[in-house]
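Order of the sequence lines sets the chain letters (A, B, ...), proteins ahead of strands, with each chain counted from 1. On a predicted model such as this, the values are computed, not experimentally measured, just so you know.
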Number of protein chains: 2
Amino acid sequence: MSDLFPKKGHDHDRCVHSAIAQAEKVCDDASARFTDMRRKVFTLIWQSHKAVTAYELLDALTSEGQRVQPPTVYRALEFLTDLGLVHRIESLNAYFGCDRPDCDHLGQYFICTECGRVAEEVNEDMSNAVRKAAGNVGFAIQATTVEIKGLCHDCATH
Amino acid sequence: MSDLFPKKGHDHDRCVHSAIAQAEKVCDDASARFTDMRRKVFTLIWQSHKAVTAYELLDALTSEGQRVQPPTVYRALEFLTDLGLVHRIESLNAYFGCDRPDCDHLGQYFICTECGRVAEEVNEDMSNAVRKAAGNVGFAIQATTVEIKGLCHDCATH
DNA sequence: GCAGAAAATGATATATTATAACATTTCAAC
DNA sequence: GTTGAAATGTTATAATATATCATTTTCTGC
Ligand SMILES: [Zn+2]
Ligand SMILES: [Zn+2]
Ligand SMILES: [Zn+2]
Ligand SMILES: [Zn+2]
């Protein structure tokens with residue numbers, strides 16, 4: 001059985017640093033600015049492997065000092081999602097950092113209802129099944145939302 | 001190419017009557033009450049093949065006479081979704097009538113961004129791909145959200 | 001039929017998520 | 001340094017959803 005959710009006790013600083021490095025590259029390639037605010041929001045999203053709501057981000061930013069307003073966070077989120085650095089999890093109204101922002105993909109999200117962690121997979125069998133089903137009915141895909149809730153292996157076995 | 005979205009000019013009264021008849025049966029089998037309010041909400045949802053928001057339902061119910069409050073609509077929606085008569089479309093924050101409420105299923109939803117219509121499919125290839133991907137990583141599925149946005153055949157070709 | 005319990009709805013308030021509109025600041029290009 | 005575009009700040013409000021308690025309706029057992 002392959003891993004998908006990160007191991008407990010993994011070196012999470014590596015996750016964060018790698019994500020930031022990739023984000024810098026993606027922004028650079030797109031001639032987009034990875035500003036302080038965007039970096040703060042992005043880093044907060046990567047604090048855990050859970051999805052984070054806009055207002056959790058607001059609270060975190062506010063407790064750091066002066067009051068941050070909703071549009072500030074939503075703008076940063078829009079920027080990050082447009083560039084594919086962050087994905088919105090529709091069934092949670094929350095946001096999740098992508099670990100492969102360099103390539104275009106139709107991701108699928110496994111959401112553990114016990115520990116709250118989210119894992120993104122890019123599974124060609126699933127993507128192909130979706131594409132084929134769409135093709136069968138003459139539907140031209142623009143975007144897909146595939147979110148699977150349940151128990152991750154750790155939570156199912158402990 | 002098989003049909004999925006209903007034809008223009010189809011006999012929609014048949015859709016509605018069939019849906020209501022099925023709902024009555026499902027409620028009866030579950031010893032649940034298909035009250036006036038639940039029937040009204042359900043019928044409003046079936047007015048079109050689009051997904052309907054809670055507040056659109058509220059407005060429709062209110063214009064029928066006295067003011068209806070949000071909890072009234074949300075309660076009816078909870079009842080209907082719990083019984084599988086209606087599905088929530090997460091990416092739209094909206095609700096859509098199921099045309100096969102009698103059988104358990106993991107549905108997939110095609111959402112046309114042009115005409116707004118939604119079509120539910122129960123595609124075993126997709127469902128199996130999801131189950132297999134979950135199995136591969138030891139994930140125990142509780143619920144799935146598969147929503148596909150794009151252009152329906154009518155809108156793509158006209 | 002009637003009492004009591006359970007289910008459903010009404011009513012009020014409030015929580016959560018998200019955007020519109022305009023002002024100010026920052027920053028890169030010239 | 002000036003200037004124009006991008007980003008952020010500020011204020012207000014829209015859209016979606018739930019908590020809580022009161023009242024009404026329906027069901028069950030007698
Ligand atoms: Zn990590
Ligand atoms: Zn878990
Ligand atoms: Zn119809
Ligand atoms: Zn269409």
Side-chain angles (χ1 to χ4, degrees), chain A residues 23-24 26-45 50-62 64-83 85-96 116 145 147, chain B residues 23-24 26-45 50-62 64-83 85-96 116 145 147:
Chain A
E24 283 170 342
V26 166
C27 288
D28 202 46
D29 291 352
S31 303
R33 290 167 49 204
F34 198 47
T35 62
D36 268 8
M37 182 56 70
R38 290 164 181 173
R39 178 185 298 264
K40 275 187 196 167
V41 167
F42 184 76
T43 305
L44 282 169
I45 289 173
K50 301 178 183 179
V52 183
T53 69
Y55 279 76
E56 286 169 351
L57 293 167
L58 254 178
D59 288 348
L61 289 166
T62 292
E64 276 184 8
Q66 80 277 36
R67 180 77 185 144
V68 167
Q69 299 300 329
T72 301
V73 165
Y74 279 102
R75 282 175 191 139
L77 288 171
E78 183 182 21
F79 172 87
L80 295 169
T81 53
D82 283 354
L83 272 184
L85 297 171
V86 161
H87 299 301
R88 177 177 161 84
I89 308 295
E90 298 289 350
S91 63
L92 298 177
N93 295 332
Y95 302 84
F96 181 70
T145 300
E147 297 170 5
Chain B
E24 283 170 342
V26 166
C27 287
D28 203 46
D29 291 353
S31 303
R33 290 166 48 206
F34 198 49
T35 62
D36 268 9
M37 183 56 70
R38 290 164 180 172
R39 178 185 299 264
K40 275 186 195 167
V41 168
F42 185 76
T43 305
L44 283 168
I45 289 174
K50 302 179 184 178
V52 183
T53 70
Y55 279 76
E56 285 169 352
L57 293 168
L58 255 178
D59 289 348
L61 288 166
T62 293
E64 276 184 8
Q66 81 278 35
R67 179 77 185 144
V68 168
Q69 300 300 329
T72 300
V73 165
Y74 280 101
R75 281 175 191 138
L77 288 171
E78 183 182 22
F79 173 88
L80 295 168
T81 52
D82 283 354
L83 272 183
L85 297 170
V86 161
H87 300 300
R88 177 177 161 84
I89 308 295
E90 298 289 350
S91 63
L92 298 177
N93 295 332
Y95 302 84
F96 182 70
T145 299
E147 296 170 7

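Atoms CZ and CG, on B/F79 and B/D82 in that order, are 8.5 Å from each other to the nearest 0.5 Å. Considering CD1 of B/I45 and CG of B/L80, their distance stands at 6.0 Å, rounded to 0.5 Å.
Separating the CE atom of A/M37 from the P atom of C/dT25 is a distance of 16 Å, rounded to the nearest angstrom. A straight line from CG of B/L61 to C1' of C/dA11 spans 16 Å, rounded to a whole angstrom. What separates CD of A/Q69 from C1' of D/dA7 is a distance of 16 Å, to the nearest Å. A/E78 has its CD atom 8 Å from the P atom of C/dT19, to the nearest Å. Between A/F42 atom CZ and D/dA7 atom P there is a gap of 17 Å when expressed in whole angstrom units. Per the geometry, CZ belonging to B/F34 stands 15 Å off C1' belonging to C/dA8, to the nearest Å. Atom CZ of A/R67 and atom P of D/dT8 are 17 Å apart (whole Å). To the nearest angstrom, P of D/dT8 lies 12 Å from CG of A/L77.
In this view, B/R39 and B/I20, B/E24, B/F34, B/T43 satisfy the side chain to side chain contact (heavy atoms under 4.5 Å, CB included) rule, not counting sequence neighbours. Residues that satisfy the side-chain hydrogen bond (donor to acceptor under 3.5 Å, both in side chains) test with B/S91, not counting sequence neighbours, are B/E147. Partners of B/E90 according to the salt bridge (charged side-chain N to carboxylate O under 4.0 Å, His left out) rule, which considers only residues two or more places apart in sequence or in another chain, are B/R88. Every side chain to side chain contact (heavy atoms under 4.5 Å, CB included) that A/A54 has, sequence neighbours left out, goes to A/V73, A/Y74, A/L77, A/Y95.
Taking 4.5 Å as the limit, some side-chain heavy atom of A/M37 sits within range of a side-chain heavy atom of A/L61.
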Take A/N93 and A/T53, measure what side chain to side chain contact (heavy atoms under 4.5 Å, CB included) needs, and give me the verdict at the end.
CA-CA 6 Å; A/N93 295 332; A/T53 69; 5.8 Å; no
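The neighbour count for A/D29 CG, taken as heavy atoms of other residues, nucleotides or ligands under 6.0 Å away, is above 12.
For C/dT9, the OP1/OP2 oxygens have a side-chain nitrogen or oxygen of B/T35 closer than 4.0 Å. Not one side-chain nitrogen or oxygen of A/R88 sits closer than 4.0 Å to the OP1 or OP2 atom of C/dT17. Phosphate proximity of D/dG9 to A/T72: present, with a side-chain N or O under 4.0 Å from OP1 or OP2.
Among the nucleotides D/dA17, D/dT16, D/dT8, the one closest to any side-chain atom of B/T53 is D/dT16. In this structure, of C/dA18, C/dT9, D/dA17, it is D/dA17 that holds the atom nearest to the side chain of B/N93.
Axis angle, first five pairs versus last five pairs of the helix from C/dG1-D/dC30 to C/dC30-D/dG1: 30°, rounded to 10°.
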Counting primed atoms plus P, OP1 and OP2 as sugar-phosphate and everything else as base, spell out the protein contacts along nucleotides 18-27 of chain D at 4.0 Å heavy-atom distance: B, S or - for each nucleotide, 5' to 3'.
BBB-----S-
